[in-house]
Each structure stands twice: as C-alpha cells, then as structure tokens.
Protein chains: 2
Amino acid sequence: MAIFSKTCEYAIRAVFYIALKTVAGGRVGIKDIATGIDSPELYLAKILQDLSRKGLISSVKGPHGGFFIEPPSLSRPLSDIVEAVDGDSLFYGCGLGLKQCSEVNPCPLHNEFKDIRDRIHKLLNTTTIGEFNSELIDGLLSLKK
Amino acid sequence: MAIFSKTCEYAIRAVFYIALKTVAGGRVGIKDIATGIDSPELYLAKILQDLSRKGLISSVKGPHGGFFIEPPSLSRPLSDIVEAVDGDSLFYGCGLGLKQCSEVNPCPLHNEFKDIRDRIHKLLNTTTIGEFNSELIDGLLSLKK
DNA sequence: TTAATAAAAGACAAAAATATCTTTTATTAA
DNA sequence: TTAATAAAAGATATTTTTGTCTTTTATTAA
Ligand code: FES
Ligand code: FES
C-alpha cells in the first residue's frame, strides 16, 4: 500500500504537469498530459474532469483548448488535491482504523502516529501546486514513471 | 485513503489482541478476537490464516485451541506484520507512484516524503507486538472501533 | 455555417480488495 | 473410538478501484 491512491498519484502528477505547461504559456491536452506523466489517458480524463468540477483546474473545449490552471490556483496547497481525491482520513483518521482518532480512547499507535500524520498534513499544506515549476522545466524533477 | 489497508488494520489490531490474551495466559478463538477488535469474523479468519502460515502467530485446532503468539514473536516489530500484509511500498516506494524512488530522478515530493516515510518505517520497526500489553489490559488503549 | 477539435458525460469492463459461506482437517475430551 | 470443537481450506459474492469505450457538447477557424 502506498500513501496515496493511484487516482491521487495521477491527480497530483497531472496537476504539476498542467501547472508547468500553464506557466510555460498555454493550455495542454489530455493526451499530452497522459504521456507527460505516464498514466492511462482515459482514466486520467475522468480524474481531471473531477478536479475541474471542483475548481482546482480549468479547461476549455475545442481547438486550442485543453487544461490549464488559473494563476491564483498555482498557490493552492497540494492538500486541496489530496482532499478532493482521497478525502481527509490521511489527515485526521486513526492509523489503525478506529472509528475516530481520539485522545481519550486512543489506539496503541496514537501518539506516534499523530505526529507523523500531522507532518504529512503540514507537508501537503505548505507545498503549493506551482512551486516546482522551475525545477520541472530544468528537468531536475520527474513526473514520469 | 488511510495509511494501511483495511486488511492490515485488522491484522495489527488482531495481533495486539492475541498478544494481550497470550500473556494473560492461553489461546483465543477467532470469534473472541473478531468481537474484541470489531472486525468481520470470517474475513479476519483469512487474514490470521495468512499470518499463521507466515509464522507471525500460531494456532492449534480443536477444543481449547485457538490463536496465540510464541514468546519470541512478542518482540518482533510491527513492520513484520505490515510487510506481510501490505508489502514494503510504504517503506521504500515513491510517494507519487513513480516506478522507483530515486535520488537521481526524484519526484517533486521526494526530499520531504523520504523523511516522513523513514519516520513511519522507524516507528514500525521499533514498535513491538507485545509492547502495549499492560496498557491494553489496563484499558488505557483501545482496539475497538 | 460548417468541419474539425477537444473536453464532458455516460455506459461499460476488468481487476483488486473486502466479505461470506461451506467443507475439510486436526485436536481434545469423554 | 467417538463426538465435539475450532482452525484451515476452498469456493463464491460483493464492493471499490482502476481502466476503457462511445456519444455528446462546446469552441474555434475556415
Ligand atoms: S486513535 Fe489511532 S491514531 Fe489516534
Ligand atoms: S522519487 Fe518520489 S519519493 Fe522519492
């Protein structure tokens, strides 16, 4: 098991890719994105439709259409994507699956797990969609399998 | 998405429960365990069969039979359970799902994620199956939903 | 206005995870 | 040795996740 669902992994990588192409000027088609992040095109299309409905990314149909990200969204945190796709159990849920994480009725891992969970939350809260654009352009970071 | 699969959550809670009952003296039946950790009995049976085959827990059939844990296994780390059930991608895999986590071709989250991942690994490596027995007996910790 | 383009939407399919049911095997106690 | 007990094993079912295919809608350029 990975930390994120496959859907969420695709979503994050795709949003990074769209951000990159947006600042490089212009819109980017689903085929281009799917190739750029090594994901199944039609599945990714569904994911992006969802993110689009939720306002995280934007799109226009027709010739020269495609996906892009509004400038303000470039500074939204990754946690917005994760929450939209995987929900918030990673941020607030009990590591051992108890109905709810609680200080008064904690599971054995509660104290240690809480710290780790908060750390994950903090990482995703303080990392923005647009912040890796230059490293991605320079090829210092990868979005491909 | 939670950190562990449901199967793994059940597995960990069940192993804690069996450890508890083992030190309290004796074997514990699947019905008792399922009730004790709030899990579907027959599904849990499958999980425990697997853990038993892998040597993490033991069992005997027949009257007064049930599950128990060999004393040496009480000091095995939780990571053994997690690895047996969910594999090791949580410990070594790329957070964004790249084929493999790499220093030379890292994903955008690599540096931060690596630390978190190592922290999870360390927690599970240094936490043993038997170490919560007294708190569980005292009711300070919970295994029930 | 028409043809081409590209995303949206809806239906469907395959695979994996989760859960249940039934039969078999091992063990114990009477 | 027999009957009762309890886990193991095997088969099946359900749900969720992941993935694909087809049709529709919006947009643009000619
Ligand atoms: S109760 Fe399990 S993490 Fe808080
Ligand atoms: S490359 Fe993604 S976590 Fe290391």
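Throughout, protein chains are lettered first and strands after them, A, B, ... in sequence-line order, and every chain is numbered starting at 1.
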What is the distance from [atom1] of [X] to [atom2] of [N], rounded to the nearest Å?
{"X": "B/Ile47", "N": "D/dA8", "atom1": "CD1", "atom2": "P", "answer": "13 Å"}
{"X": "B/Gln49", "N": "C/dA19", "atom1": "CD", "atom2": "C1'", "answer": "14 Å"}
{"X": "B/Phe68", "N": "C/dT27", "atom1": "CZ", "atom2": "P", "answer": "11 Å"}
{"X": "B/Tyr43", "N": "D/dA11", "atom1": "OH", "atom2": "C1'", "answer": "16 Å"}
{"X": "B/Glu41", "N": "C/dA19", "atom1": "CD", "atom2": "C1'", "answer": "12 Å"}
{"X": "A/Asp50", "N": "D/dT18", "atom1": "CG", "atom2": "C1'", "answer": "14 Å"}
{"X": "A/Asp38", "N": "D/dG19", "atom1": "CG", "atom2": "P", "answer": "12 Å"}
{"X": "B/Arg27", "N": "D/dT5", "atom1": "CZ", "atom2": "P", "answer": "17 Å"}

Query raised in the report: Where each residue is assigned the nucleotide of DNA chain D containing its nearest heavy atom, which of A/Leu44 and A/Pro63 is assigned the position nearer the 5′ end?
Result: A/Leu44
Requested in this report: Could you pick out which residue, A/Lys6 or B/Val60, lies toward the 5' side of DNA chain D when each is mapped onto its nearest nucleotide?
Outcome: B/Val60
Query raised in the report: Under the 3.5 Å rule, do the base of C/dA9 and the side chain of A/Lys46 count as making a donor-acceptor pair?
Result: yes
Query raised in the report: What about A/Lys61, does its side chain sit under 3.5 Å from the base of D/dT25 through a donor-acceptor pair?
Result: yes
Using Watson-Crick or G-U wobble geometry with both distances below 3.5 Å, tell me the partner of [N], or none.
{"N": "C/dA8", "answer": "D/dT23"}
{"N": "C/dA29", "answer": "D/dT2"}
{"N": "C/dA19", "answer": "D/dT12"}

Phosphate OP1/OP2 of [N]: any [X] side-chain N/O under 4.0 Å:
{"X": "B/Ser52", "N": "D/dA7", "value": "no"}
{"X": "B/Ser59", "N": "D/dA8", "value": "yes"}
{"X": "B/Arg53", "N": "D/dA9", "value": "yes"}
{"X": "A/Tyr10", "N": "D/dG19", "value": "yes"}
{"X": "A/His64", "N": "D/dA29", "value": "yes"}

Query raised in the report: Heavy atoms, side chains only, cut-off 4.5 Å: are B/Asp80 and B/Leu124 in contact?
Result: no
Query raised in the report: So do the side chains of A/Glu41 and A/Ile30 get within less than 4.5 Å of each other, counting heavy atoms only?
Result: yes
Query - Steps toward salt bridge (charged side-chain N to carboxylate O under 4.0 Å, His left out) verdict (A/Arg119, B/Asp115) - result: CA-CA 10 Å; A/Arg119 178 113 186 252; B/Asp115 283 356; 3.7 Å; yes
Query raised in the report: Pick the nucleotide of DNA chain C nearest each of A/Leu48 and A/Gly62; which residue has the one closer to the 5' end?
Result: A/Gly62
Report task. Between D/dT20, C/dT18, D/dA9, spot the one nearest the side chain of B/Ser5, thanks. Result -> C/dT18
Query raised in the report: Which of parallel (below 30°), tilted (30 to 60°) and perpendicular (above 60°) describes A/Tyr92 and A/His121?
Result: perpendicular
Query raised in the report: Is it true that atom NZ of B/Lys122 has more than 12 heavy atoms of other residues, nucleotides or ligands lying nearer than 6.0 Å?
Result: no
Report task. Classify the nucleic acid contact of B/Leu42 as base, sugar-phosphate or nothing, counting any heavy atom under 4.0 Å across all strands shown. Result -> base
Requested in this report: Ignoring hydrogens and angles, state whether a donor on the side chain of B/Tyr10 or B/Ser5 is under 3.5 Å from an acceptor on the partner side chain.
Outcome: no
